[in-house]
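To keep things clear, I will list the structure first and then write my remarks on it.
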Amino acid sequence: MLDKFGQMFLAIGVLVAVVVVLLLLASLARGRNGDRLRALFFVGPTVLLVAVGLIYPTVLTIIKSFRGPAGTGAFGFDNYVTIFTREALRSSIVNTAIWVLLVPLLAIAIGLLYAIIVDRTPIESFAKTLIFLPMAISMVGASVIWKFVYEYKPTQADQIGLLNQIIKMFGGETRQFLVESPWNNFFLIVVMIWIQAGFAMTVLSAAIKAIPDEIIEAARIDGASGWALFWQITLPSIRASLIMVVTTIAIAALKVFDIVRTMTGGNWDTSVIANDFYSASFTQGQPGLGSALAVLLFVLVAPIIVYNVRQLREAS
Amino acid sequence: MRRITRPIAIAGVAALTLGMAACSGDGDTADPGTDGGAGGDCSAYEAYGDLEGTEVSVYTAIVAPEADPYIESFKAFEECTGATIKYEGDKAFAEQISVRVQGGNAPDIAFVPQPGMVQTLVATGEAVEAPADTVSNVDEFFSEDWKNYGSVDGTLYAAPLGASVKSLVWYSPADFADNGYEVPETWDDMMSLTDQIAQDHGEDGLTKPWCVGFGDGAATGWVGTDWIEDTLLRTAGGDVYDQWVAHEIPFNDPQVVEAFNTAGEILTNDDYVNGGLGDSKTISTTAFPDAGLQILDGTCFLHRQASFYAGMWGEGVEVGPEGDVWAFYLPATNPEEAKPVTGGGDFALAFDDRPEVQAFQTFLASDTWANERARVSTAGGAVSANSGLDTELLANEVDKLSVEMLQDEKAVFRFDGSDLMPSAVGAGSFWTAMVDWVGGASAEDVTKSVEDTWPTS
Amino acid sequence: MTTVVATPDPEAGELTPKGKRKRRRSSPTRQTSSPLMTVVAIIIATVWTVPTLGLLITSFREPMDIRRTGWWTAFSNPEFTIDNYVSAMSTSGGASMLDYFVNSFVITIPSTLFPLTFAALAAYGFSWLKFPGRDWLFIVVFALQIVPLQVALVPLMQLYGDLNLQGTYWTVWISHTIFGLPLAVFMMFNSIRDLPPALVEAATIDGAGPVQIFLRIVLPLATPAIAAYGIFQFLWTWNDLLVSMVFLGGSADVAPLTVYISQLTGSRGGQWYLLSAGAFISIIVPVVVFLLMQRYFVRGLTAGAVK
């Protein structure tokens, strides 16, 4: 055990040494082009790491996507034809679009609303912990948690799913929430929102607290209140944070597959592109097709990036 | 050249089942104090030579508690040869093994649960052929069929390890006795029993003859493929089954559709399924480990599931002919002619040819290991197609029943078909088809959808 | 709006354009906090907490009860047991749960510190240094968030093989760093970019070079953001199963707690109810870390994001 911690401290020591060397080198940079040289030491390590660990694999993935279902054949567009002609995969594309639209929208709406309401109340810290909690739960735990929410039993049997128990209490017929399409997609999305709202709340709450009171006071004097205050002051003031949260959650929603995989396995028209990517690559022996699906994800993220680029331009 | 003759091996195992504690004192390193070891009798292991200081890594899909008997069964080998077996179980084995092999981090030996996966892994070029000693063990103890499952283009790569029998129906002997029901001998008997149960108990709308669960996360549907394979082997016979698996007839051949419809008389009939769980549509949302438990509640009478289900009943439930639950052979249509049995198995594929790896491979294919495992697997799971297995040593009732079924003269054994099909079908569209089918789609439609996804090359 | 200078830290004395007295007196939300809003908050908090509460109660119930009746019946018919926790913590194969806890810490702490450090350096470079292609490079780095880490596993494993790192903790530390960097840079850039330029200019006039500015001004002001990102990265690596399973494997001398918990259910998932206890054992550390770090959240992450 001591040996393991020894390794850990050694690693931290190496990190400190690397940073000291980088900063020393950066401080030696002089002259008109000093910034260029310094950038090498500040930005260099990150660029090197992602180039090796992410960009290189991405290039390999793109190449593989053009080389047949197995990813080793002759160059061609077979995999892309498959994606757009196989009905099950088309439905995944539609579902992915629903996820990317709904998850950021609702997670942020709820996180923001909650952050505003509990802001500066005596129980703020406790109240925020409740919403944050799902973020700290691993996916295996979350899958059991939601099993006890959505589980179906016939109406006359004892229920173990909370939602059906509520329906039964009001005299309704119990339902198979995860089977009935298209609503089952919504019930899966709820799980993602449950996890991500804590992230949105935390970030946005911090942004709200950073709004200088002078602005609020000035607006009040001008007669703004309630919704007007929210739309005209709060929202514009936290815009940068909002964009970051939208971007982060939208990308997370594009990539999500563990929720779908553990809860429905992608059945009943609930699959998403990331789940199909995973199945094709790792369980169905079609890494080429899997790569094409990954490339589709790269393409779908483009609008989000373009939006960020424009925001970046405006800001500077 | 080593050669374990069966009498010696059996004698060795018999000696230790008698609780022989005396150390043979021939200078081996075994510690008499460690439990479950060879007890010092290393005669069966001499042929493997001195492997002191070596290590063999084993990577499998089997985790605790099922992994414990495996680890236990390697102890004698470790003590007698001096080698260390580094066992690693991973539930995501199926997904991780190819990543490890491609990434240049393959284990010495992988326990591959599907012949189809053996083919895929051999195709990577990283796997090594089975050594001559292993081949001779396989020739001696296993049938030609089992040898073929582990071979690629006629060359043996992976020796068979264990086997499981899938053609079992679980029931409560007490409930049967209370209602005067008999264990059915033919498929028709089983269907009339099903109808009888539905008439006797169906009035509450909850109790049904059968309970079925396809649910297993991303693998949802595999239980259904087992149903279809068992049915097809009964309605169409072994030859058609083989042609279907090899895709010599289309997946949606009329005989296959007929098998769907025969199974569908149970699976898509809301009067017959899903006991305690609802209608036919609930089959695919019910987690398979939970499905059979309705028998304990009395809302279900019959549950078709493999021998491993013995471990799912939970603490305090006795499994055995006189116990709370027991299993019968899923009847044949005409048992006088043939008794079809479907099952699965796993295979030891090596990625290295160091002497200790080859020695361990050979050990795994021997009767010594099959018997050692039988002895330590009190919770079951020690079934093997190894003809050197002494059934008397099996510590578990279900294992005994399974081996009896395998060794029946009229037994027509076939390997789980979906495990032999390309994984795009066997671990993909076939599963999905089962889910769609119990969801209301027609047998014609779902079989056609599978046929359409069969890889062309 | 543009004239307002953001305040990441009240301690920054004269830069704070507002007094604490004022902060307490008024709130941007005071006007919207009606009884209706309070009800909404209670509903959200309930909906978010009840599923987890259900699991907590479940974890103290008998396996058969878990499968047969809803967890809420435990209120009318209280019968609790700690058997699930005992089973979940009982040792198997000679390895104790403590080993896995230790492994989790050994994996998680460097995997959090590495990306934090490199991302702080990079975020400063991207926001305050001038070099050609800066904006495009930044966009590429943050866009890499979309790459599913599964595509990187095989190439990275081959690389570790070439470097002789296979089986060491370095594989997971480096992998987590790489996978965490795009988001880390993105989040920290948002915070560091918006630090008041006046501050940097003043320091430059005093003769401080960019390295001194980074160490003495940017880092202290960005501490809340760094600490806040730190807890997210801590959560993600603490809960990671895939990366450690691929690079380290499942043996007790290296594998983290998540591996242990995922294997509680048995090879075929028959004992899934043990996950209820397992989930709560695993959640303790992240919650403690969150509670300890919560004061940073209050003005972390985006403090200074206001323009």
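Naming: A, B, ... by sequence-line order, numbering from 1 per chain. Keep in mind that the numbers below use all heavy atoms, side chains included, and drop hydrogens, waters and symmetry copies.
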Residue among Ser125(A), Pro134(A), Gly44(A), Gly141(A) with most heavy-atom pairs under 4.5 Å to chain C = Ser125(A)

remark   = If one checks every heavy atom of Val14(A) against chain C at 4.5 Å, the contacting part turns out to be side chain

ask   = In terms of heavy-atom proximity below 4.5 Å to chain A, should Leu113(C) be classed as side chain, backbone, both, or neither?
value = both

message = Which atoms of Phe234(C) are under 4.5 Å from chain A, going by heavy atoms: the side chain, the backbone, both sets, or neither?
response = neither

key: Heavy-atom proximity to chain A below 4.5 Å, by part of Val185(C)   = side chain

message = Just so I understand: if I count every heavy-atom pair under 4.5 Å between each of Gln150(C), Arg68(C), Arg67(C) and chain A, which residue has the most?
response = Gln150(C)

task = Give, as side chain, backbone, both or neither, the part of Phe138(C) having an atom under 4.5 angstrom from any heavy atom of chain A.
result = side chain

query = Does a sphere of radius 6.0 Å around OH in Tyr56(A) hold more than 12 heavy atoms from other residues, nucleotides or ligands, not counting ones at 6.0 Å or beyond?
reply = no

Under 4.5 Å from a heavy atom of chain A, the part of Trp128(C) involved = backbone

remark   = Applying a strict 4.5 Å limit to non-hydrogen atoms, the region of Tyr273(C) in contact with chain A is neither

ask   = Side chain, backbone, both or neither: which part of Val154(C) has a heavy atom under 4.5 Å from chain A?
value = neither

note = When the 4.5 angstrom heavy-atom criterion is applied to Val140(A) and chain C, the contacting part is both

task = Side chain from CB out, backbone as N, CA, C, O: work out which of these in Leu297(A) comes under 4.5 Å of a heavy atom of chain C, or both, or neither.
result = both

Closest-packed option against chain A by number of heavy-atom pairs under 4.5 Å, given Ser262(C), Ala184(C), Ser282(C), Pro132(C) = Pro132(C)

ask   = Of the backbone (N, CA, C, O) and the side chain (C-beta and beyond), which part of Ser175(C) lies under 4.5 Å from a heavy atom of chain A, both, or neither?
value = neither

Option that, when pairs with chain C are counted at under 4.5 Å, heavy atom only, ranks first among Ala51(A), Ala157(A), Gly161(A) = Gly161(A)

remark   = Under 4.5 Å to a heavy atom of chain A? For Phe118(C) that would be both

inquiry  = Is Thr168(C) in contact with chain A via its backbone, its side chain, both, or neither, using a 4.5 Å heavy-atom distance?
reply    = neither

Audit row: Arg220(A), Leu229(A), side chain to side chain contact (heavy atoms under 4.5 Å, CB included) steps and yes/no = CA-CA 8 Å; Arg220(A) 286 230 176 99; Leu229(A) 199 67; 4.0 Å; yes

key: Portion of Leu137(C) that has a non-hydrogen atom of chain A nearer than 4.5 angstrom   = side chain

ask   = Which bit of Leu215(C) comes within less than 4.5 Å of chain A, counting heavy atoms only: side chain, backbone, both or neither?
value = side chain

task = Output the distance between atom CZ (Phe114(C)) and atom CH2 (Trp173(C)), rounded to the nearest 0.5 Å.
result = 6.5 Å

request  = Go through the atoms of Thr117(C) and report whether side chain, backbone, both or neither lie under 4.5 Å from a heavy atom of chain A.
outcome  = side chain

request  = Look at Ala143(C), Pro148(C), Gly125(C), Pro286(C) and state which one has the largest set of heavy-atom pairs under 4.5 Å with chain A.
outcome  = Pro148(C)

ask   = Based on non-hydrogen pairs under 4.5 Å, which of Leu56(C), Ile44(C), Ile109(C), Thr49(C) is most in contact with chain A?
value = Ile44(C)

remark   = Whatever's closer than 4.5 Å to a heavy atom in chain A on Ile146(C) counts as both

inquiry  = If you define the side chain from C-beta out and look only at heavy atoms, does anything of Ile178(C) sit under 4.5 Å from Leu156(C)?
reply    = yes

key: Pairs of heavy atoms under 4.5 Å with chain A: top-ranked of Thr73(C), Val151(C), Leu275(C)   = Val151(C)

task = Decide, yes or no, whether a salt bridge links Lys128(A) with Glu124(A) under the criterion of side-chain N to carboxylate O below 4.0 Å.
result = yes

task = Find the one option among Ile107(C), Val50(C), Asp253(C) whose heavy-atom pairs under 4.5 Å with chain A are most numerous.
result = Asp253(C)

request  = Carefully, step by step, assess Thr247(A) and Asn308(A) under the rule side-chain hydrogen bond (donor to acceptor under 3.5 Å, both in side chains).
outcome  = CA-CA 8 Å; Thr247(A) 306; Asn308(A) 268 273; 2.8 Å; yes

Between Asn103(C) and Lys4(A): side-chain donor-acceptor atoms closer than 3.5 Å = yes

note = Of the listed Glu151(A), Lys147(A), Lys64(A), the one with the largest count of heavy-atom pairs under 4.5 Å with chain C is Lys147(A)

ask   = Side chain, backbone, both or neither: which part of Leu22(A) has a non-hydrogen atom closer than 4.5 Å to chain C?
value = side chain

key: Partner chain C: residue of Ile110(A), Leu113(A), Leu254(A) with the largest heavy-atom pair count (under 4.5 Å)   = Ile110(A)

